[in-house]
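Below is one structure, written out as structure tokens; comments come after it.
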Amino acid sequence: MWNPPDPKTFNPMVWMIAKQIPEGQVSTYGQIASIIPPPEGVAPPDYRRLGARWVGTAMNATPANEGVPWQRVINSKGEISLPAGTPGAHQQRTLLEAEGVEFDDKDRVNFEHFGWDGPDETWLKKHGLFTPRPIKKSGGKPQQPKLL
DNA sequence: CGTTTGACTACGC
DNA sequence: CGCGTAGCCAAAC
């Protein structure tokens, strides 16, 4: 746990969680944030947005040699969040496609197929973390098209 | 030390 | 479903 909103602690935690993402799957900034307990004084609704930004900042500061799969973290829309056209964005897409992650014609990843469900409960409990909130799914496929 | 920018989201239209 | 706007924080200028 971490009482104060200390980025020095927050960042490594983000990277640690990112390392749990299996190859061929993707997570989102918001999802990772939802795994980390919000600091005191920050309401969960606010933290959801704040945390996402913090995670983004953390990923931006990701050490290159730590083996952190930074490419598996994308935004809630399912698309690469680095500015299009930058080398980083291109590299991220290349890395993901090499893992088997597919992009549609709108350059977006379908969370239904490649979305990450989060770390094992055992792992989460071991580190005192929360169960991630389900990733927002695009379109939303009706589970039972209720035919009548 | 004030300003601007950013690897975000939710919400309204 | 796509586009624009508001909110909030930390890091970079």
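Below, all heavy atoms of this structure are taken into account, side chains as well, without hydrogens, waters or symmetry copies. Protein chains get the first letters and strands the later ones, always in sequence-line order, with residue 1 at the start of each.
The residue among A/Leu50 and A/Lys106 whose nearest nucleotide of DNA chain C lies closer to the 5′ end is A/Lys106.
Separation of the C1' atoms belonging to B/dG6 and C/dC8 is 12 Å when rounded to the nearest angstrom. Nucleotides B/dC1 and C/dC13 place their C1' atoms 12 Å apart, quoted to the nearest Å.
Heavy atoms of A/Arg108 sit under 4.0 angstrom from primed sugar atoms or phosphate atoms, though from no base atom.
Note: CH2 (A/Trp54) to P (C/dA11) measures 11 Å, nearest angstrom. Between the C1' atom of C/dC1 and the CG atom of A/Asp104 lies a distance of 13 Å, rounded to the nearest Å. When rounded to the nearest whole Å, the span between CG of A/Asp46 and C1' of C/dA10 equals 16 Å.
Across A/Val101 and A/Gly24, no two heavy atoms sit closer than the pair CG2-O, 3.5 Å.
Distance alone, capped at 3.5 Å, places no donor-acceptor pair between the A/Tyr29 side chain and the A/Thr57 backbone.
Listed by chain and residue number, A/Glu121, A/Leu124 satisfy the side chain to side chain contact (heavy atoms under 4.5 Å, CB included) test with A/Thr131 (two or more places apart in sequence, or in another chain). Partners of A/Ala89 under the side chain to side chain contact (heavy atoms under 4.5 Å, CB included) rule, at least two apart in sequence or in another chain, are A/Ile80, A/Leu82, A/Thr86. Listed by chain and residue number, A/Val68, A/Pro69 satisfy the side chain to side chain contact (heavy atoms under 4.5 Å, CB included) test with A/Lys19 (two or more places apart in sequence, or in another chain).
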Are there any protein N/O atoms within less than 3.5 Å of an N/O atom in nucleotides 3-5 of chain C, and if so, which ones and at what distance?
none

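For residues 96-105 of chain A, the pairs satisfying side-chain hydrogen bond (donor to acceptor under 3.5 Å, both in side chains) are A/Gln71-A/Glu99, A/Arg72-A/Glu99, A/Arg93-A/Glu97, with sequence neighbours left out.
Rounding to the nearest 0.5 angstrom, the gap separating the CH2 atom in A/Trp15 from the CD atom in A/Glu66 is 7.5 Å.
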Could you walk me through whether A/Trp54 and A/Asn11 pass side chain to side chain contact (heavy atoms under 4.5 Å, CB included), step by step?
CA-CA 8 Å; A/Trp54 292 347; A/Asn11 288 17; over 6 Å; no

Sugar-phosphate atoms are those with a prime plus P, OP1 and OP2; base atoms are the rest. Using that split, label each nucleotide of nucleotides 7-13 of chain B B, S or - for protein heavy atoms under 4.0 Å, 5' to 3'.
BBBS---

